[in-house]
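No hydrogens, no waters, no symmetry mates; every other heavy atom, side chains included, goes into these values. Letters A, B, ... are given to chains in the order of the sequence lines, protein chains preceding strands, and every chain is numbered from 1.
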Amino acid sequence: MLIASWNVNSIRARMMHAHDFLQAQQPDVLLMQELKTLEFPAMDFKALGYESVAIGQKSYNGVAILSKLPIETVTTKLDGDDEDTHARFIEAILDEPDGKRLRVVCIYLPNGNPIGTEKFIYKLGWMDRLIHQMMRWKDDPIPTIIGGDFNVIPEDIDCDKPANWVRDALFQPEPRERYRAMQTMGWVDAFRALHPEEAGAYTYWDYFRQAFERNRGIRIDHFLLSPALRPRLESCVIDKTPRGQEKPSDHTPILVTLK
DNA sequence: ATGGCTCATCAAATGAGA
């Protein structure tokens, strides 16, 4: 079972890239973030063999789950703040062929820049709400995989040069502590669990300064597995191919294989 | 280099991203 996650930075601008990626990798599931539109092209993905669920928003945010497997139930709200209108969360239960069920959660965690503003406060609050939900999921009989753009650089090894990021919301102690707290609870960072020492493995590169060519990036797109799912973790890789194409998203896909 | 680029909206700048 192959599950991918990709911040496409506008689904309209990246439709061909998404098509090429699905053809090349044939994932069973694809999580997408930053759709940047209210209209999700579900019919186009249906033609490629994928059911889909999405929550969109004009101009900003927007997340979707594509699946070759049947999609059972869907939630589009993260608990804890009824006033939150951002389209950053979608949760689905998928039916695996052997009768098992799998909870798949796609998130676009707030960026939080600049620090010292409401945006940073919102990011921390959003993470606290997610952690609260993760506590409940952890003990649920249905195992859970959370994927998406976390907008957190977990450790120094996850960026080219820590000094460049010390004033950035993605690298602040507060979000990083929260990301560590998730792992302390028993959730597993799929990539780091399988590649504990690997440096220079990034999922995002600036459009500026030939950042991709120089591999000056950050690892901010992650998969977290609930403890029950850990034994099924087979591989986790970052596919840099889409980032190297013409007019790419600034993010590239990350892929997990579950036994 | 507190953005040099790329999106969206909407028809020229501006906000957002990270």
Inset, instruction - Please answer whether the main-chain N or O of A/Lys58 pairs with a side-chain N or O of A/Thr37 as donor and acceptor at a distance below 3.5 Å. - result: no
Legend entry - Row check, A/Phe171 ring normal vs A/Arg176 NZ/CZ: under 6.0 Å, within 45°: yes
Inset, instruction - If a protein heavy atom is under 4.0 Å from the base, mark B; if only from the sugar-phosphate, S; if neither, -; do that for nucleotides 13-18 of chain B going 5' to 3'. - result: ---SBB
Legend entry - Atom pair distance, as rounded to whole Å: CD in A/Gln210 and P in B/dT6: 12 Å
Legend entry - Residues A/Arg101 and A/Glu72 bridged, charged N to O under 4.0 Å: yes
Inset, instruction - Using the P atom as the reference point in each nucleotide, state the distance between B/dA1 and B/dA11 in Å, no decimals. - result: 38 Å
Inset, instruction - For B/dG3 and B/dA18, measure between their C1' atoms and round to the nearest Å. - result: 11 Å
Inset, instruction - Could you tell me which residues satisfy side chain to side chain donor-acceptor pair (under 3.5 Å) with A/Asp139, sequence neighbours excluded, listed by chain and number? - result: none
Legend entry - A/Arg129/A/Asp79 salt bridge by N-O under 4.0 Å criterion: no
Legend entry - Phosphate-side-chain proximity, A/Arg14 and B/dA8, N/O vs OP1/OP2 below 4.0 Å: no
Legend entry - All side chain to side chain donor-acceptor pair (under 3.5 Å) counterparts of A/Arg14, not counting sequence neighbours: none
Inset, instruction - Rounded off to whole Å, could you give me the CZ-to-C1' distance for the A/Arg216 and B/dG4 pair? - result: 14 Å
Inset, instruction - Please tell me which of the listed nucleotides, B/dC7, B/dT2, B/dA8, lies nearest to the side chain of A/Arg167? - result: B/dT2
